[in-house]
**Q** 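Pasting a structure here, questions to come.
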There are 2 protein chains.
Amino acid sequence: MDSSSARKRGRPPRAFDGQLDTRQALVRAGVAVLTEKGFAATGIDEVLRAVGVPKGSFYHYFASKEGFGAEVIDAYAAYFARKLDRFLRDPVLPPLERIRAFADDAERGMRRHGFRRGCLVGNLGQEMAALPEPFRHRLLAVFEDWQARMARCLEEARTGGGLRPDADCGALAAFFWIGWEGAVLRAKLEQDAAPLRRFTEGFFRSLPLAGPHA
Amino acid sequence: MDSSSARKRGRPPRAFDGQLDTRQALVRAGVAVLTEKGFAATGIDEVLRAVGVPKGSFYHYFASKEGFGAEVIDAYAAYFARKLDRFLRDPVLPPLERIRAFADDAERGMRRHGFRRGCLVGNLGQEMAALPEPFRHRLLAVFEDWQARMARCLEEARTGGGLRPDADCGALAAFFWIGWEGAVLRAKLEQDAAPLRRFTEGFFRSLPLAGPHA
DNA sequence: GGCAATTCTAGACCGATCGTCTATAAAATC
DNA sequence: GATTTTATAGACGATCGGTCTAGAATTGCC
């Protein structure tokens with residue numbers, strides 16, 4: 001959605017030009033802004049200005065700010081799930097290396113955005129007390145999903161002999177995401193990637209690696 | 001400050017009654033509310049209602065919402081530093097046990113508040129992008145302070161023979177706080193203490209414990 | 001191809017919030 | 001006890017977020 005295109009009243013002509021679908025553009029901008037500033041601190045107007053769309057359009061596509069937020073969460077979850085799979089199922093790397101690759105990529109991502117953007121799910125989680133209740137379950141479900149994907153990767157490491165046979169991969173995956181969110185938060189605050197690396201290091205130290213096999 | 005006490009215009013009589021100092025009461029209420037809902041989502045009016053104080057008083061004591069926020073951070077930092085010392089310097093427990101005691105206490109605290117309150121510093125950290133810049137340095141300083149206190153405790157563990165002599169206590173302390181904030185966030189989201197325990201467990205697994213001594 | 005129905009935009013509108021201001025009154029000072 | 005200082009009371013305006021109604025272009029139908 002190009003802000004240079006002056007809008008006229010009424011239904012716009014079919015988009016011949018390269019304009020994205022308005023709804024999609026709004027959600028996309030919402031992901032960016034909410035990842036940076038959270039839900040409560042973000043005004044609809046800000047999203048609208050970024051996309052160059054008037055307020056009326058917004059409430060045509062979404063029932064409310066809350067409804068918009070829910071869709072933004074879904075979009076982010078979908079985006080992040082794809083990204084996770086790209087790393088955690090990468091067949092050319094051994095399982096534990098995939099986790100490092102994910103962390104490295106996240107670091108690059110944060111650096112690219114000047115450490116202003118964090119994790120949408122973490123942001124909104126922090127705001128829980130001020131958020132509509134339905135958000136809570138949605139966010140929890142997202143964490144469970146990520147945890148499952150991480151657990152699967154760790155299980156591959158276990159069956160592959162990287163982790164000890166008695167490793168509790170579910171618990172380890174939970175540990176990872178719990179701490180990772182903290183690391184992202186801290187990296188945002190310090191505007192530096194060190195916390196991400198520090199946490200990743202600590203996580204790997206905590207793994208029950210298989211000893212040199214007998 | 002009791003909301004049942006009807007206020008009259010003008011300067012109030014010296015507080016014979018149990019009324020707290022108004023300024024102090026505002027800061028105290030601010031800590032409670034900001035710990036729950038963060039800075040942006042909280043209106044001044046809400047704090048005023050909680051304390052039963054009119055707006056005029058607020059802007060007599062504080063230059064702005066931002067100035068108020070800064071004092072709230074300081075008050076929370078002081079409160080938390082005292083709490084930390086109470087646990088991390090407890091002479092009747094071995095150093096590593098003190099950390100567990102701290103975690104247990106934090107769990108009780110979150111449970112007592114129905115998992116609605118998190119960590120003020122973590123909350124505001126998450127909001128960074130929408131917060132006045134001076135907050136950032138203040139929050140960073142608080143983390144550094146906590147980290148130093150934790151590192152000292154870990155060093156006691158090292159010299160006491162609980163940790164290996166080559167343990168990097170500063171890095172371990174950093175790892176702790178990075179992940180701990182994540183755990184608090186997650187506990188708030190799940191409304192359950194499990195994340196706190198899971199992280200604490202993982203943290204201890206990551207520690208380079210001294211082997212059975214030769 | 002004309003007419004209703006649908007789709008989407010424009011922006012007015014209301015309420016809430018932030019920060020200020022004036023009025024008022026008690027205490028402190030001398 | 002007169003004056004200055006401290007502190008509360010609450011109205012006020014500017015701004016902004018969220019909702020809603022009106023209106024215009026397009027689509028579908030026959």
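All values below were derived from every heavy atom in this structure, side-chain atoms included, with hydrogens, water molecules and symmetry-related copies excluded. We name chains A, B, ... by the order of the sequence lines, and we start the count at 1 in each one.
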**Q** At less than 4.0 Å, is any side-chain N or O atom of Ser57(A) found next to OP1 or OP2 of dA10(C)? Yes or no.
**A**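 No, outside the criterion.
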
**Q** Rounded to whole Å, please give me the gap between NE2 in His60(B) and P in dG19(C).
**A** 18 Å

**Q** Using a cut-off of less than 4.0 Å, is there contact between a side-chain N or O of Tyr59(B) and OP1 or OP2 of dT20(C)?
**A**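 It does not, given that no N or O in the side chain of Tyr59(B) lies less than 4.0 Å from OP1 or OP2 of dT20(C).
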
**Q** Using five base pairs at each end, measure the axis-to-axis angle across the helix from dG1(C)-dC30(D) to dC30(C)-dG1(D) and round it to 10 degrees.
**A**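 Overall, the helix from dG1(C)-dC30(D) to dC30(C)-dG1(D) bends by 10° from one end axis to the other.
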
**Q** With respect to the side chain of Pro54(B), which nucleotide from dA12(C), dT8(D), dC8(C) is positioned closest?
**A** dT8(D)

**Q** Between Phe68(B) and Tyr61(B), is the gap from one ring center to the other below 6.0 Å?
**A** no

**Q** Scan Tyr61(A) against the nucleic acid and name what it touches under 4.0 Å (heavy atoms): base, sugar-phosphate only, or nothing.
**A**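 Touches sugar-phosphate only.
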
**Q** Starting at the 5' end of DNA chain D, which residue's closest nucleotide do you reach first, Asp45(A) or Gly56(A)?
**A**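 Result: Asp45(A).
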
**Q** What's the CZ-C1' distance between Phe39(B) and dT17(C), to the nearest Å?
**A** 13 Å

**Q** Decide whether a cation-pi geometry holds between Lys65(B) and Phe58(B); the criteria are a distance under 6.0 Å from NZ or CZ to the six-membered ring centre and an angle within 45° of the ring axis.
**A** no

**Q** Measure from CD1 on Ile44(B) to P on dT20(C) and round the result to the nearest Å.
**A**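 Roughly 11 Å, once rounded to whole Å.
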
**Q** Atom CZ of Phe58(A) and atom C1' of dT9(C): how far apart are they, to the nearest Å?
**A**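 Interatomic distance, CZ of Phe58(A) to C1' of dT9(C): 15 Å.
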
**Q** Would you classify Lys65(B) as touching base, sugar-phosphate or nothing, given that sugar-phosphate means primed atoms plus P, OP1 and OP2, and contacts are heavy atoms under 4.0 Å?
**A** sugar-phosphate

**Q** One thing to verify: whether Arg197(A) and Glu107(A) come together as a salt bridge, which I'm taking to mean a side-chain N less than 4.0 angstrom from a carboxylate O.
**A**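 So Glu107(A) pairs with Arg197(A) through a salt bridge.
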
**Q** For the pair Arg49(B) and Glu46(B), find out whether any cationic side-chain nitrogen is under 4.0 Å from an anionic carboxylate oxygen.
**A**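 Answer for the salt bridge query: no.
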
**Q** Distance under 6.0 Å and angle within 45° of the ring axis: does Arg205(B) meet both against Phe203(A)?
**A** no

**Q** Can you measure Glu46(A) atom CD to dG18(D) atom C1' for me and round it to whole angstrom units?
**A** 15 Å

**Q** Please state how far atom CG in Leu48(B) lies from atom C1' in dC18(C), giving the value in whole angstrom units.
**A**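 Spelled out: CG on Leu48(B) to C1' on dC18(C) is 11 Å.
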
**Q** Are Thr22(A) and dT9(C) close enough that a side-chain N or O sits under 4.0 Å from OP1 or OP2?
**A**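 Looking at the OP1 and OP2 atoms of dT9(C), one of them is under 4.0 Å from a side-chain N or O of Thr22(A).
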
**Q** Can you measure Leu26(B) atom CG to dT8(D) atom C1' for me and round it to whole angstrom units?
**A** 12 Å

**Q** Does the ring centre of Trp180(B) sit less than 6.0 Å away from the ring centre of Phe175(B)?
**A** no

**Q** Hey, is Asp145(A) close enough to Arg149(A) for a salt bridge, meaning N to O under 4.0 Å?
**A** yes

**Q** In whole Å, what is the span from the NZ atom of Lys55(B) to the C1' atom of dT22(C)?
**A**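 The answer, rounded to whole Å, is 15 Å.
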
